[in-house]
Amino acid sequence: MDRLNFIRLAALGAISPSFMSLQELYQHSRSLPEQEALPVLFLGHGNPMNAIEENEFVEGFRKAALQVPTPRAVICISAHWETQGTRITAMPQPKTIHDFGGFPRALFEVEYPAPGDPKLAQELKDLIKEPEILLDHEWGLDHGAWSVIKHLYPKANIPVLQLSIDYSKGPQYHYDLARALSVLRRKGVLFIGSGNMVHNLRLTDWRRLNDNFGFDWALEAQAKMRNFLEQCDDRSLIDFRKQGPAFDLAIPSTEHYIPLLYTLGLRDQKENLRIFNDEPVGGALTMTSVQYG
């Protein structure tokens with residue numbers, strides 16, 4: 001990428017200077033081999049049983065993988081890893097974390113032995129000067145990551161890292177951090193946000209968890225979110241607390257929604273949008289998934 005092109009992209013907002021100086025980001029972008037940007041995904045992961053069941057949603061995950069060139073590595077932002085500060089897994093062999101309870105033994109027996117990539121973790125840390133990204137050697141891959149990635153890459157032969165969600169930061173922080181990370185898409189990195197756009201377990205009708213069914217407020221929030229995505233209205237999605245009661249019910253806590261904001265920050269506004277698995281389940285959840293590029 002030549003310097004003039006780089007500055008033009010930064011001016012257009014395709015590259016965010018908020019976490020690095022333009023000079024630093026430009027120099028780093030030249031230090032790694034560049035290729036066509038990989039797509040970026042948001043996957044509605046839903047019930048952990050999707051890891052071992054066959055249904056329309058896992059089929060949607062597999063179809064998405066067919067449209068993605070083989071990545072150098074996957075970086076997943078999962079709803080299930082919240083930390084103080086932002087961390088990136090940096091171990092050579094992350095463990096499979098079974099962070100749930102009350103499910104059949106078969107689900108606890110699943111292992112997803114994808115390797116890590118300590119070198120890429122260091123590259124990401126070096127890319128973001130402020131805030132400091134901490135290298136983590138303890139976490140591993142939680143079910144928000146492995147339960148979906150195992151359908152994309154069943155051989156577990158692609159390195160997988162997780163980027164944590166800093167629970168002390170607001171939506172704009174996560175969106176801006178994603179924009180700063182977007183240069184890695186041209187370095188062979190596939191980013192996956194894993195959560196659920198509508199996610200209210202307290203109001204879920206567990207008897208209808210396998211039914212395509214949504215309460216009125218969930219369907220309203222789902223439709224508005226889809227419209228904002230189609231209109232490239234990032235501001236309304238960042239300011240989700242201004243969107244009314246349906247959004248408040250759909251997002252009672254932010255951890256399952258924040259991965260969507262990473263997906264938005266990572267993409268270029270000119271990239272094609274594909275929405276799939278766009279179904280409500282259990283009344284208060286949606287499996288809506290998004291692909292850019």
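Computed from heavy atoms alone, side chains included, the values below leave out hydrogens, waters and symmetry copies. Nothing fancy with the numbering, it's 1 onward along the sequence. Because the structure is a prediction, the values reported are computed rather than measured.
- The minimum heavy-atom distance between Leu190 and Pro71, with the atom names listed, is CB-CB, 3.8 Å.
- Counting heavy atoms from C-beta outward, Ile158 and Leu152 have side chains that stay 4.5 Å or more apart.
- Within the structure, side-chain hydrogen bond (donor to acceptor under 3.5 Å, both in side chains) contacts touching residues 188-199 (residues at least two apart or in different chains) are His45-Ser194, His199-His256.
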Margin query: Evaluate Lys125 against Glu132 for salt bridge (Lys or Arg N to Asp or Glu O under 4.0 Å), listing each step before the verdict.
Written below: CA-CA 7 Å; Lys125 177 179 174 64; Glu132 181 184 9; 3.2 Å; yes
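- Proximity of a side-chain donor or acceptor of Trp146 to a complementary backbone N or O of Ile97 within less than 3.5 Å is detected.
- One N or O on the side chain of Gln93 and one on the backbone of Pro113 form a donor-acceptor pair closer than 3.5 Å.
- Each of Leu43 and Leu229 belongs to its own hydrophobic cluster when Ile, Leu, Val, Met, Phe, Trp and Tyr are linked at side-chain heavy-atom distances under 4.5 angstrom.
- Here CD1 of Ile77 is found 6.5 Å from OG1 of Thr263. Values are rounded to the nearest 0.5 Å.
- A heavy-atom distance below 4.5 Å is not found between the side chains of His98 and Leu107.
- Under the 4.5 Å side-chain contact rule for hydrophobic residues, Leu135 and Ile75 share a cluster.
- Taking the six-membered ring for Trp and the full ring otherwise, the centers of Trp139 and His80 sit at least 6.0 Å from each other.
- In this structure Phe276 satisfies the ring-ring contact (aromatic ring centres under 6.0 Å, His included) test with no other residue, sequence neighbours excluded.
- Contact check for Phe215 versus Asp205: side-chain heavy atoms found under the 4.5 Å cut-off.
- In this structure, the separation between CG on Asn272 and CZ on Arg267 is 12.0 Å, given to the nearest 0.5 Å.
- In this structure, the side chain of Asp234 does not engage the main chain of Leu237 through any donor-acceptor pair within 3.5 Å.
- Using a 4.5 Å cut-off on side-chain heavy atoms (C-beta onward), Leu219 and Pro280 make contact.
- A donor-acceptor pair is defined here as one N or O able to donate and one able to accept, closer than 3.5 Å; such a pair exists between the side chain of Thr83 and the backbone of Gly85.
- Among all heavy-atom pairs drawn from Ile52 and Ala106, the shortest one is CD1-CB, 4.2 Å.
- Residues Arg202 and Ser253 fail the side-chain proximity criterion, which asks for heavy atoms closer than 4.5 Å.
- For the pairing with Phe61, the side-chain contact (heavy atoms from CB on, under 4.5 Å) check across Ile149, Asn277, Leu41, Ile192 returns one residue only, Asn277.
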Checklist line | Check against side chain to side chain contact (heavy atoms under 4.5 Å, CB included), Tyr153 and Val160 | finding: CA-CA 10 Å; Tyr153 303 109; Val160 180; over 6 Å; no
Notebook entry, point to check: When you look at Trp206 and Leu201, which way does the side chain to side chain contact (heavy atoms under 4.5 Å, CB included) test go after all the steps?
Noted result: CA-CA 9 Å; Trp206 299 102; Leu201 293 184; 3.7 Å; yes
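- Taking CD1 from Ile238 and OH from Tyr173, the interatomic distance works out to 14.5 Å, rounded to the nearest 0.5 Å.
- The side-chain hydrogen bond (donor to acceptor under 3.5 Å, both in side chains) contacts involving residues 59-70 comprise Glu54-Arg62, where partners must be two or more places apart or lie in separate chains.
- Under a cut-off of 6.0 angstrom, the local environment of CZ in Arg207 is sparse, with at most 12 non-hydrogen atoms contributed by other residues, nucleotides or ligands.
- Looking at every heavy atom in both residues, Met197 comes nearest to Ile251 through O-CG1, 3.9 Å.
- Between Thr254 and Arg241, some side-chain heavy-atom pair lies under the 4.5 Å cut-off.
- Both Val40 and Val183 are members of a single hydrophobic cluster when ILVMFWY side chains are connected at heavy-atom separations under 4.5 Å.
- Atom SG in Cys232 sits 9.0 Å away from atom CG in Leu264 (nearest 0.5 Å).
- With respect to Lys224 and Asp233, no salt bridge is recorded, no charged nitrogen being found less than 4.0 Å from a carboxylate O.
- A donor-acceptor distance shorter than 3.5 angstrom exists from the side chain of Arg185 to the backbone of Leu38, with no hydrogens or angles considered.
- Within the 4.5 Å cutoff, the side chain of Val58 has heavy atoms near those of the Asn55 side chain.
- Smallest separation of non-hydrogen atoms from Ala79 and Pro259: N-CG, 4.0 Å.
- With hydrogens and angles disregarded, no donor-acceptor distance shorter than 3.5 Å links the side chain of Asn50 to the backbone of Ser147.
- In this structure, Ile88 is a member of the same hydrophobic cluster as Leu261, with clusters built from ILVMFWY side-chain heavy atoms closer than 4.5 Å.
- Within the structure, ring-ring contact (aromatic ring centres under 6.0 Å, His included) contacts touching residues 177-197 (residues at least two apart or in different chains) do not occur.
- For the pair Asn47/Phe103, a side-chain contact is recorded, criterion being any heavy-atom separation below 4.5 Å from C-beta on.
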Checklist line | Intermediate values then yes/no, side-chain hydrogen bond (donor to acceptor under 3.5 Å, both in side chains), Gln162 and Thr89 | finding: CA-CA 6 Å; Gln162 276 198 231; Thr89 54; over 6 Å; no
Enumerate, atom names and distances included, each donor-acceptor pair closer than 3.5 Å involving a side-chain atom of residues 281-293, sequence neighbours excluded.
residue : atom : partner : partner atom : Å
Thr286  : OG1  : Val198  : N            : 3.2
Thr288  : OG1  : Asp278  : OD1          : 2.6
Ser289  : OG   : Gly44   : N            : 3.0
Ser289  : OG   : Met287  : O            : 3.1
Gln291  : OE1  : Arg274  : NH2          : 3.2
Gln291  : NE2  : Gly293  : O            : 3.2

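- Glu220 contributes atom CD, which lies 11.5 Å from atom CD of Gln222 (distance to the nearest 0.5 angstrom).
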Using atom types as modelled, flag every donor-acceptor pair under 3.5 Å from a side chain in residues 114-122 to any protein atom, sequence neighbours excluded.
residue : atom : partner : partner atom : Å
Asp117  : OD1  : Lys119  : N            : 3.3
Asp117  : OD1  : Leu120  : N            : 3.0
Gln122  : NE2  : Asp126  : OD1          : 2.9

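- Using a cutoff of 4.0 Å between basic side-chain nitrogens and carboxylate oxygens, Arg87 and Glu138 are not scored as salt-bridged.
- Crowding of Asn157 atom CG: a count of heavy atoms from other residues, nucleotides or ligands under 6.0 Å exceeding 12.
- Leu177 and Phe42 fall within the same hydrophobic cluster, where Ile, Leu, Val, Met, Phe, Trp and Tyr residues are linked whenever their side-chain heavy atoms come under 4.5 Å apart, directly or through other members.
- In this structure, Ala250 and Ala221 approach most closely via the heavy-atom pair CB-CB, 3.7 Å.
- Note that CE of Met225 and OG of Ser236 are 11.5 Å apart. Values are rounded to the nearest 0.5 Å.
- Across all non-hydrogen atoms, the minimal contact from Ala37 to Arg186 is N-NH1, 3.7 Å.
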